[in-house]
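The structure under discussion appears below in the form of structure tokens.
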Amino acid sequence: MRHFLDTTDLTVKEIDELIALATDIIANKKKYAHVCSGKKLATLFFEPSTRTRLSFEAAMLELGGSVIGFSEANSSSASKGESVGDTVKMVSCYADIIAMRHPLEGAPRVASYKSDVPVINAGDGGHSHPTQTLTDLLTIYREKGRFNNLTIGLCGDLKFGRTVHSLIKAMCRYSDIKFVLISPKELSVPDYIKTDYLDERGMGYIETEKIENVMPQLDILYMTRIQRERFFSEDEYLKHKDAFILDTDKLKTAKSDLTIMHPLPRVNEITTDVDDDPRAKYFEQALNGKYIRMALIITLLNWAGGLSDED
């Protein structure tokens with residue numbers, strides 16, 4: 001039994017195999033239309049989500065499987081005080097695989113100890129969002145054709161942005177990667193990310209509060225929103241919410257083959273006129289999320305012995 005709780009749960013080789021599988025799914029959708037026939041995915045979302053939850057559900061349905069679950073804690077027995085462990089233990093009696101989002105960091109790992117089926121971390125607090133990282137990696141590969149020799153700008157909320165933390169951890173495994181960390185000082189990358197990953201792996205990085213100063217260097221610009229739900233006070237949120245806004249003027253000095261990414265949802269950090277720029281790939285990125293989650297579901301079920309050779 002293997003779960004997927006963090007990007008580092010997979011080796012580089014296994015990530016390459018997932019990327020290859022997702023690429024084959026994109027090219028041969030009919031081939032995979034019944035792979036998960038008779039299998040059930042449980043989506044346990046204790047925190048609101050649109051893209052991630054619907055992406056998982058669409059992925060399972062397009063594999064021929066079915067979906068059960070809930071989209072907010074108030075519609076589950078958690079509202080009655082049931083523990084995460086008990087909820088997951090019970091749900092694993094009904095489903096073949098679980099995708100779980102929770103506002104508390106580490107909750108999916110706790111759930112994995114109780115589950116009899118594979119658990120996928122669909123986001124836990126400000127800690128990690130590993131399936132978004134797989135989505136990001138598939139997008140980078142489809143746009144750049146490589147994971148090495150890239151300068152990646154990460155902009156916005158780098159303190160609470162779990163997608164940023166996961167992507168840094170994943171990209172630190174590759175060579176000739178330079179990170180440009182663009183944020184207010186109050187929202188900079190946590191020290192443990194710098195110490196345990198950037199410094200430990202000898203990765204090159206710079207920190208800046210001005211996106212205009214670094215735009216010409218970037219191969220990838222990964223925008224993030226300032227997350228209201230991660231702040232303890234409304235005043236702090238309002239202080240930072242408009243810190244970085246990407247518009248067409250700021251893109252004038254960017255490379256012609258820049259890839260602009262965003263995990264979505266967008267608030268106002270990318271103006272809508274940027275959507276028409278061919279370098280804007282965030283909606284394609286969202287679509288890639290469905291395909292990589294299809295590949296992940298197939299892989300975890302195979303590892304668990306849940307798919308027959310005929311499948």
Side-chain angles (χ1 to χ4, degrees), residues 2-4 6-37 39 41 51-65 67 97 99 118 120-122 129-150 152 163 166-177 219-222 257-264 278-304 306-311:
R2 285 184 64 180
H3 307 283
F4 183 60
D6 191 88
T7 314
T8 55
D9 290 344
L10 299 176
T11 66
V12 171
K13 180 175 182 292
E14 288 169 340
I15 287 176
D16 289 345
E17 290 169 351
L18 274 177
I19 297 292
L21 178 54
T23 302
D24 193 54
I25 291 171
I26 292 167
N28 303 283
K29 296 180 181 67
K30 289 184 179 180
K31 174 182 172 183
Y32 296 91
H34 303 288
V35 168
C36 290
S37 178
K39 303 300 179 184
L41 165 72
R51 272 146 299 277
T52 303
R53 181 173 60 84
L54 294 181
S55 179
F56 269 112
E57 293 180 359
M60 191 58 164
L61 292 172
E62 291 190 25
L63 291 170
V67 179
I97 189 167
I120 300 171
N121 179 5
H129 194 352
T131 63
Q132 178 63 50
T133 301
L134 293 180
T135 298
D136 300 340
L137 292 176
L138 178 58
T139 303
I140 291 170
Y141 183 77
R142 295 189 74 190
E143 296 300 323
K144 299 298 184 186
R146 67 186 191 278
F147 292 126
N148 299 315
N149 189 29
L150 293 168
I152 303 173
T163 60
S166 291
L167 184 58
I168 289 174
K169 288 191 282 187
M171 293 305 298
C172 277
R173 300 191 195 188
Y174 299 96
S175 61
D176 299 319
I177 299 295
D219 298 306
I220 295 167
L221 174 58
Y222 194 96
D257 64 345
L258 173 70
T259 297
I260 306 169
M261 300 171 63
H262 192 305
L264 303 178
R279 295 169 292 187
K281 299 297 180 181
Y282 28 88
F283 293 116
E284 288 93 334
Q285 183 182 354
L287 179 58
N288 287 335
K290 179 183 69 174
Y291 295 123
I292 199 67
R293 290 179 177 105
M294 291 171 76
L296 181 64
I297 289 168
I298 291 171
T299 299
L300 288 174
L301 286 175
N302 268 326
W303 286 345
L307 296 178
S308 66
D309 293 337
E310 288 75 14
D311 294 330

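Every value quoted in this text rests on a predicted model; they were computed, and no experiment measured them. Positions are given from 1 along the sequence.
Judged purely by atom type and a 3.5 angstrom limit, Arg2 has no side-chain atom pairing as donor or acceptor with the backbone of Leu10. At distances below 3.5 Å, not a single donor-acceptor pair connects side-chain atoms of Ser175 with backbone N or O atoms of Asn148.
Using a 4.5 Å heavy-atom threshold, the side chains of Arg142 and Gln285 count as separate.
If you run side-chain contact (heavy atoms from CB on, under 4.5 Å) between Lys290 and each of Asn288, Leu287, Ile292, only Leu287 comes through.
Annotation: side-chain contact (heavy atoms from CB on, under 4.5 Å) contacts of Arg51 (sequence neighbours excluded): Leu264, Pro265. Every residue two or more places apart in sequence or in another chain was checked for a side-chain hydrogen bond (donor to acceptor under 3.5 Å, both in side chains) with Thr23, and none qualifies. Under the rule for a side-chain contact (heavy atoms from CB on, under 4.5 Å), the partners of Lys13 that lie at least two apart in sequence or sit in another chain are Thr11, Glu17. For His3, there are no side-chain hydrogen bond (donor to acceptor under 3.5 Å, both in side chains) partners two or more places apart in sequence or in a different chain. Annotation: side-chain hydrogen bond (donor to acceptor under 3.5 Å, both in side chains) contacts of Thr135 (sequence neighbours excluded): none. Residues meeting the side-chain contact (heavy atoms from CB on, under 4.5 Å) test with Lys281, sequence neighbours left out: Glu143, Thr259, Glu284. In this view, Phe147 and Asp16, Ile19, Leu137, Ile140, Tyr141, Met171, Tyr174 satisfy the side-chain contact (heavy atoms from CB on, under 4.5 Å) rule, not counting sequence neighbours. Take Thr133 and apply the side-chain hydrogen bond (donor to acceptor under 3.5 Å, both in side chains) test, not counting sequence neighbours, and it matches no residue. Scanning for salt bridge (charged side-chain N to carboxylate O under 4.0 Å, His left out) contacts around Arg173 gives an empty result, with sequence neighbours left out. Shown here are the salt bridge (charged side-chain N to carboxylate O under 4.0 Å, His left out) partners of Asp24, two or more places apart in sequence or in another chain: Lys31. Legend: residues meeting salt bridge (charged side-chain N to carboxylate O under 4.0 Å, His left out) with Arg146, ordered by chain and number and at least two apart, are absent.
Closest approach of Leu301 and Cys36 over heavy atoms only: CD1-SG, 3.8 Å. For Ile97 against Leu300, the heavy-atom pair with the smallest separation is CD1-CB, 3.9 Å.
Rounding to the nearest 0.5 Å places CG of Leu138 at 10.5 Å from CG of Leu21. To the nearest 0.5 Å, atoms CZ (Phe56) and CG (Leu296) are separated by 6.5 Å. Interatomic distance, CD1 of Ile25 versus OH of Tyr291, reported as 9.5 Å (0.5 Å rounding).
Pairs of residues two or more places apart, or lying in two chains, never qualify as salt bridge (charged side-chain N to carboxylate O under 4.0 Å, His left out) while including a residue from residues 293-304.
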